Amino acid sequence: MPQNQGDLKFLTSFYHCKSFNEFEFKKNQLITVKGGKIVSIQEASGDIDSDTVVIPGFMIPGFIDTHIHSPQYVFTGTGYDLGLLEWLQKYTFPKECQFDDLKHTRNVYEKVVSKTLKNGTTCASYYATIHPHSSLELARICVEKGQRGFIGKVNMDRNSPDYYTETTESSLRDTREFVKNVLGLESDLVVPCITPRFVPTCTSELMLGLAAIAKEFNLPIQSHLSENKNEISWVQQLHPESETYSHVYYDHGLLNKNTIMAHCIHLEPKERELLREQQVGISHCPNSNFCLHSGVMNVRRLVQEGFEKIGLGTDCAGGYSPSLMDSMRQALIASKVIHIESRNETAKEQFDALHYYHVFYLATLGSAKVLNLDHKLGNFEVGKEFDALVIDMSGIDLFDHDDEYTRFEKFIYLGDDRHIKQVYVQGKQVI
Ligand code: GUN
Ligand code: FE
């Protein structure tokens, strides 16, 4: 009998996380998928049906990139000689302004979505550009290629170059139109995301207007926060009325449980308190933080303080890799830097480095929590959507002493897109 799209049965082993510290390996499981959702997970016993797909390697949940700039893909892997503010002026804005051209947009955005899917990103929170039609094109491409996306039309109405800026009025008008057009696609894969670039490029009036649109349509919000020391001083000069950088967003109605903030490296204790209270999701982008010399974010401290919504982002082109596998490894290195520094005699607190299963959590369930999608995505549970990767370890040498856990640890440290053989989103094979 022909199967309906999204109706599948797999015999597979899998790895997934149930929380930051709960990593699980399940051997020989029968996963049944109906209408793109997992309807049962059972230990395999006895004979299997002929329509069951036997997976020779293992499965993991799809990776979720909580922060990536689609237009910046054109210069990803170049231009890492400058810090954030100079990098934006010299490399970023001149390239982003070219996306008023729809042909250029389609050419680049098809490559971004294909490349990230191939690397196992089943869901991404994207920043496009200030151009509403070009940003809508990104949403269309995600739908065509079967990737989930939060799609952000970027807003910037101050401190932006003449060739790449908006008026407050046009920014708000274009955002409304963009939101309606994305919702008009009527796809459950894509969601419009309100995207003030960051405080320095958004007037108070714009931020307030964007908060109102987010509220009216109940939309997620994404922005950058506390990435670079010069950026932080600039924000303090622009907004002496607000207690901290985080409070500027809060004072303009942009900080709540639907907000995703990238970086959050240099936060003061009272900012961390505010972000935790407001249940803001934090996108850790370690590759970018190293490449733009921004700093080293301390994931352990946030976890110790009770943050639950922490995930990973590639932040292309601030980061040079579009792969969450790279992001996981850079997060491991960042945590090792924090650990080493915390052993200095002058350090006040000690922090353990993260383990491979912690960064795997961040790239899957943690990121799902950041996007408030953990009821649907992030691990293999009955009722959740089937977004999964089929992993084949060929090419990574294993030895007699290797067990299920060291095998997976090797995958985290040594794996790449060559080991991601199939990609499923909502039960549909997209790679
Ligand atoms: N802050 C404001 N814009 C950007 C951007 O495009 N990339 C990064 N990493 N930080 C930003
Ligand atoms: Fe960014």
Side-chain angles (χ1 to χ4, degrees), residues 65-99 112 116 124-131 135 138 150-161 164-166 171 193-202 206-207 210 221-235 238 245-246 248-249 254 259-266 281-297 311-322 324 327 330 334 367 370:
D65 188 343
T66 57
H67 186 90
I68 179 166
H69 298 258
S70 50
Q72 296 179 16
Y73 188 60
V74 296
F75 67 103
T76 295
T78 65
Y80 300 116
D81 55 328
L82 299 173
L84 172 68
L85 300 177
E86 298 75 21
W87 174 85
L88 285 171
Q89 294 293 336
K90 182 169 176 190
Y91 300 114
T92 309
F93 297 152
K95 288 288 184 282
E96 288 198 8
C97 81
Q98 295 171 359
F99 285 77
V112 178
T116 52
S125 195
Y126 282 110
Y127 287 55
T129 57
I130 63 172
H131 315 101
S135 305
L138 175 62
F150 279 16
I151 314 289
K153 178 218 132 4
V154 171
N155 302 93
M156 39 202 287
D157 70 340
R158 68 169 167 181
N159 297 313
S160 314
Y164 189 53
T165 190
E166 308 169 288
S171 187
C193 186
I194 297 302
T195 307
R197 177 164 216 125
F198 67 156
V199 167
T201 62
C202 301
L206 178 58
M207 288 192 273
L210 291 172
I221 297 165
Q222 62 183 349
S223 195
H224 297 90
L225 173 62
S226 199
E227 177 177 5
N228 167 293
K229 295 258 171 90
N230 295 333
E231 169 208 16
I232 297 166
S233 322
W234 192 13
V235 170
L238 289 168
Y245 190 168
S246 302
V248 179
Y249 288 122
L254 289 167
T259 309
I260 306 152
M261 281 294 169
H263 308 300
C264 300
I265 304 169
H266 310 285
I282 293 179
S283 173
H284 176 34
C285 306
N287 188 321
S288 167
N289 298 162
F290 287 127
C291 278
L292 300 182
H293 323 137
S294 305
V296 191
M297 207 272 259
L312 291 180
T314 58
D315 194 26
C316 283
Y320 60 72
S321 171
L324 263 302
S327 201
Q330 303 262 345
S367 284
V370 169

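Each ligand, and each atom within it, is numbered from 1 in the order the structure gives. As the structure is a prediction and not an experimental result, all values here were calculated from the model.
The aromatic rings of W87 and F75 lie tilted to each other, with the angle between the two planes from 30° to 60°. Using a 30° and 60° split on the angle between ring planes, H69 and Y127 fall in the tilted class, from 30° to 60°.
For the side chain to side chain donor-acceptor pair (under 3.5 Å) test, residues two or more places apart in sequence or in another chain that qualify with D65 are T314. Scanning for salt bridge (charged side-chain N to carboxylate O under 4.0 Å, His left out) contacts around E96 gives R197, with sequence neighbours left out.
Ligand 1 lies less than 4.0 angstrom from a heavy atom belonging to H263. Judged by the shortest distance from any of its heavy atoms, Y127 lies outside the 4.0 Å radius around the atoms of ligand 1.
When only interatomic distances are considered, the shortest N/O to N/O separation between R197 and ligand 1 falls below 3.5 Å. When only interatomic distances are considered, the shortest N/O to N/O separation between T92 and ligand 1 does not fall below 3.5 Å. When only interatomic distances are considered, the shortest N/O to N/O separation between E96 and ligand 1 does not fall below 3.5 Å.
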Problem - Working for side chain to side chain donor-acceptor pair (under 3.5 Å), residues H67 and H284 - result: CA-CA 8 Å; H67 186 90; H284 176 34; over 6 Å; no
Problem - D315 and Y320: CA distance, side-chain angles, deciding distance, side chain to side chain donor-acceptor pair (under 3.5 Å) verdict - result: CA-CA 8 Å; D315 194 26; Y320 60 72; over 6 Å; no
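Around atom 8 (C) of ligand 1, the closest heavy atom drawn from E231, H224, Q72 belongs to H224.
Not a single N/O/S atom of C285, whether from backbone or side chain, sits less than 2.8 Å from the Fe ion (ligand 2).
The angle H224:NE2 - the Fe ion (ligand 2) - D315:OD1 amounts to 170°, with values rounded to 10 degrees. The NE2 atom of H67, the Fe ion (ligand 2) and the NE2 atom of H69 define an angle of 100° (nearest 10 degrees).
For F99 and H131, the ring centers sit 6.0 Å or farther from each other.
From the protein, the heavy atom lying nearest to atom 10 (N) of ligand 1 is E227 OE1, 2.7 Å.
Near D315, meaning under 4.0 Å from one of its heavy atoms, ligand 1 places the atoms 8 (C), 9 (N). Counting atoms of ligand 1 from 1 in the listed order, those under 4.0 Å from a heavy atom of L84 are 1 (N), 8 (C), 10 (N), 11 (C).
Salt bridge status for E166 with K153: present, with a side-chain N to carboxylate O gap under 4.0 Å.
Looking only at distances, a side-chain donor or acceptor of T116 sits under 3.5 Å from a matching main-chain atom of V112.
In W87, the part holding a heavy atom less than 4.0 Å from any atom of ligand 1 is the side chain.
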